[in-house]
Amino acid sequence: MKLKFLFSLMLGAALSASAQGGYQDGVDNYNAGRLDVAKVILDNTLNDASTDKAVSYFYLGCIDIDGKNYASAKTNFEKGLKANHSYPNNYIGLGELALISGHKSEAEDYFKKAINTNKKNPAILVDVARAYWNANPVAYQKEIEKNINKALKDSKNSEPSAYVLQGDMVAKQDPGEAAGKYEMAISQAQEKGHVNREAYVKYANTYFHVNRAYTIDKLKEFYDLEPNSALAQRELAEKYYDNGQMGSAWKMYEKYVQNPNHFRRDEQRYAGLLYSAGEYDQSIEWANKILKEDPTVYMMYRILMLNKAAQKDWTGAVEAADKLFNYPGATIVVNDYEVYGDALSQMGRADEAIAVYEKAIELNPDKQELLPKLSAVYDRAGQEAKSVEIYKKYLDMGNGSVNDLFNMGRRYYSLARTMPEDSEERVATCDEGLKYVDMAIEKVPSNGILYYYQGQLYLARNNNVPDAQMAKSLEKMISIFDESTENLSSRKSYYMTAYYLLGIYYIDVDKAVAKSYFEKYLTLDPDDEKARKLVESL
């Protein structure tokens, strides 16, 4: 199962973080586009002694605007001004609300107040431009360009936030140009001795699908500059994952979850990454830790189920699946049914497995690979006719690999053995099975197992009396297996069955040959007295 799917199931998880970096962590996450994370941090740190409340209220207001909670946004901006009327951005926030309401002149008054707090700070002009852009990028194009150009002129083209905004404005239409603007922002900030976290993250999110390797290198640069930054660690871990570098992803996530600024849901992601990387014991350990801290995180039962199934601990997989499926309000998906069905099937609980697989197929009828599993469990449950019916449906969908044909032949063999001897129905069923095995042999004529089952079908067709057709098939199997000395030990049961049946067949055809086959059989099973007496009688 792909981890991206796992991650998508965890996005709604509860947030919790200590935000040891203070309110600035909230600002960084807001600028990185993680508004839900930013809000939690900003709310949790609002009353910290080190918090600049004017800044926190501004970003909380921006989050409200994004959610169209305009009344709440206005309240937050006003609280920000009360906390520090010299901080310009809360004026800008109120101006943006005025623009949204269609009151441009009122907005301009707020923007003038913001600029007057510090006329030498070009970043304020950029924030005004952003407010115009947020409100309506088409209607206020002139105002946006005017403020950006003045900010660049006043700063002698060195204001990083101007390049970030320019990048944001073209990110959707031209990721390459946007990346160039973000890179300019990074460069200008570095010249001033700063790390522009916002530009690094936006560069990565915009340019990743254009050039993944270059984007990851850029995030490595960010991480090298701030190795203790939770934002740098998380962003790099996520991009490693998106690029399929699971080992690097979980190792970076390992650092991130040790960071005091990480979020509980990221622990859940980490548990999923460990599963994807094959670190099953660690994944189980983290899943149990999360459940101990918060038993409502039912997604961890899914992680436990997946890990236990991967370890072939079927009892453990079923126990975890039972908890997942019985959790009130849990979101159950097709893959859950499939893994649950696999575990039940492996434990021999066929009837329960059938019900689970059928539910999975009902939820996703196009998932063809579920049909062979359902067919196999019907076969184990002794419902051979249903097993054949399901597998035939699978083949009728266009599947026809050698393995598919072989399994279809085996299904018919199992069905034939349930039918009365000397019945036309048994003969017809064996003929159908032989048809599929013959097609498989035509594709892979050097596969000894195929000849074994061809021989078994001929034997069943002839009421379990060995005949020439069976003998020809089993002798072909032996000749193929004999080409490799390793096959004697790995295929011992096939050799034993073939030697014994060929011995029986040749009793009435050539006793010397029959005797040689029984002697070969006795070398593999010297304690079989019945076979030994047959040899003596010959």
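Because the structure is predicted, anything quoted here is derived from the model rather than measured.
Considering only heavy atoms from C-beta on, W250 stays 4.5 Å or farther from Q245 through its side chain. Two residues are said to be in side-chain contact when any heavy atoms from C-beta on lie closer than 4.5 Å; R197 and N31 fail this criterion. Taking the side chain as every heavy atom from C-beta outward, N463 and R426 approach each other to under 4.5 Å. The shortest distance between side-chain heavy atoms of K476 and Q454 does not fall below 4.5 Å. Side chains of I354 and Q383 form a contact here, defined as non-hydrogen atoms less than 4.5 Å apart. Within the 4.5 Å cutoff, the side chain of N447 has no heavy atoms near those of the I441 side chain. Residues E238 and M252 fail the side-chain proximity criterion, which asks for heavy atoms closer than 4.5 Å. Within the 4.5 Å cutoff, no side-chain heavy atoms of S229 are placed close to those of Y223.
Scanning all heavy atoms of the two residues, the minimum distance from R411 to S375 falls at NE-OG, 2.7 Å. The heavy-atom pair separating A171 from A178 by the smallest distance is CA-CB, 3.6 Å. Among all heavy-atom pairs drawn from A271 and S283, the shortest one is O-OG, 2.7 Å. Across every non-hydrogen atom of D336 and T331, the tightest pair is OD2-O, 4.0 Å. The nearest pair of heavy atoms linking S479 to E483 is O-CG, 3.4 Å. Contact between G272 and I303 at its shortest, heavy atoms only, is CA-CD1, 3.8 Å.
Environment of NZ in K533: sparse, with no more than 12 heavy atoms of neighbouring residues, nucleotides or ligands closer than 6.0 Å. Counting heavy-atom neighbours within 6.0 Å of E424 CD, excluding the residue itself, gives a total of 12 or less. For E293, the CD atom sits in a packed shell: over 12 heavy atoms of surrounding residues, nucleotides or ligands are nearer than 6.0 Å.
Using a 4.0 Å cut-off between charged side-chain N and carboxylate O, E254 and K251 make no salt bridge. Salt bridge status for K308 with E319: absent, with no side-chain N to carboxylate O gap under 4.0 Å. Comment: D43 engages K39 in a salt bridge, judged by a side-chain N to carboxylate O separation of less than 4.0 angstrom. The pair K392-D396 counts as a salt bridge, with a side-chain nitrogen and a carboxylate oxygen less than 4.0 angstrom apart. Ionic pairing of E235 and R34 is present here: one or more N-O contacts between side-chain nitrogen and carboxylate oxygen are shorter than 4.0 angstrom.
A tilted orientation is assigned to the rings of Y301 and Y327, their planes being inclined by 30° to 60°. Below 30°, between 30° and 60°, or above 60°: for Y394 and Y391 the angle between ring planes is above 60°, a perpendicular geometry.
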message = Before you tell me yes or no, could you show the steps for L434 and D431 under side chain to side chain contact (heavy atoms under 4.5 Å, CB included), namely the whole-Å CA-CA distance, both residues' side-chain angles and the distance that decides it to 0.1 Å?
response = CA-CA 5 Å; L434 285 164; D431 286 342; 4.2 Å; yes
task = Take W286 and Y270, measure what ring-ring contact (aromatic ring centres under 6.0 Å, His included) needs, and give me the verdict at the end.
result = CA-CA 8 Å; W286 272 91; Y270 180 51; 5.2 Å; yes
request  = Please step through ring-ring contact (aromatic ring centres under 6.0 Å, His included) for the pair Y499 and F518, ending with a clear verdict.
outcome  = CA-CA 6 Å; Y499 288 153; F518 280 126; over 10 Å; no
message = Using the rule given for salt bridge (charged side-chain N to carboxylate O under 4.0 Å, His left out), can you reason through K359 versus E362, listing the C-alpha separation, both sets of side-chain angles and the distance that settles it, and then say yes or no?
response = CA-CA 5 Å; K359 183 63 177 179; E362 177 188 331; 3.5 Å; yes
task = Could you walk me through whether I478 and L502 pass side chain to side chain contact (heavy atoms under 4.5 Å, CB included), step by step?
result = CA-CA 11 Å; I478 291 170; L502 287 168; 3.6 Å; yes
inquiry  = Does L371 form a side chain to side chain contact (heavy atoms under 4.5 Å, CB included) with M397? I'd like the steps, not just the answer.
reply    = CA-CA 10 Å; L371 294 173; M397 289 179 169; 3.7 Å; yes
key: Candidate pair E198 and K202, rule salt bridge (charged side-chain N to carboxylate O under 4.0 Å, His left out), full reasoning   = CA-CA 6 Å; E198 178 182 4; K202 287 184 173 179; 2.7 Å; yes
ask   = Do D438 and L450 pass the side chain to side chain contact (heavy atoms under 4.5 Å, CB included) test, and can you show the C-alpha distance, the side-chain angles, and the key distance before you say yes or no?
value = CA-CA 8 Å; D438 289 347; L450 295 175; over 6 Å; no
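Using modelled atom types, one finds no donor on one side chain facing an acceptor on the other under 3.5 Å when comparing Q311 with D313. Residues D294 and T296 have side chains that bring a donor and an acceptor to within less than 3.5 angstrom of each other. For the residue pair D266 and Y256, a side-chain donor N or O sits within less than 3.5 Å of a side-chain acceptor on the partner.
Legend: residues meeting side-chain contact (heavy atoms from CB on, under 4.5 Å) with E384, ordered by chain and number and at least two apart, are D379, S414, L415, T418. Applying the side-chain hydrogen bond (donor to acceptor under 3.5 Å, both in side chains) test to Y451 and every residue at least two apart in sequence or in another chain returns nothing. Under the rule for a side-chain contact (heavy atoms from CB on, under 4.5 Å), the partners of A531 that lie at least two apart in sequence or sit in another chain are Y500, Y521, L522, D528. Applying the side-chain hydrogen bond (donor to acceptor under 3.5 Å, both in side chains) rule to Y200 yields the partners Q190, E221; only residues at least two apart in sequence or on another chain are considered. Partners of V210 by side-chain contact (heavy atoms from CB on, under 4.5 Å), not counting sequence neighbours, listed by chain and number: P175, Y207.
A donor-acceptor pair is defined here as one N or O able to donate and one able to accept, closer than 3.5 Å; such a pair exists between the side chain of N29 and the backbone of D25. Listed for the R532 side chain is a donor-acceptor partner under 3.5 Å among the backbone atoms of P526. With E226 contributing its side chain and A232 its backbone, the two residues share no donor-acceptor pair below 3.5 Å.
The list of side-chain hydrogen bond (donor to acceptor under 3.5 Å, both in side chains) pairs with a residue in residues 337-346, not counting sequence neighbours, reads D322-Y340, E338-K367, E338-K373, D342-Y357, D342-K373, S345-R380.
A cation-pi geometry, defined here as NZ or CZ lying under 6.0 Å from the six-membered ring centre and within 45° of its normal, holds between K239 and F208.
For the side chain to side chain contact (heavy atoms under 4.5 Å, CB included) test with E358, the passing option among I390, L374, V377 is L374; the others fail.
The CD1 atom of I332 sits 6.0 Å away from the CZ atom of R302 when rounded to the nearest 0.5 Å. Separation of atoms NZ (K435) and CG (L405) is listed at 10.5 Å; rounding is to 0.5 Å. In this structure, OH in Y214 is found 5.0 Å from NZ in K218, a value given to the nearest 0.5 Å. Between the CG atom of N462 and the CG atom of N464 there is a distance of 9.0 Å, given to the nearest 0.5 Å. To the nearest 0.5 angstrom, E369 atom CD is 10.0 Å from I361 atom CD1.
Ring-centre distance between F481 and Y495: below the 6.0 Å cut-off.
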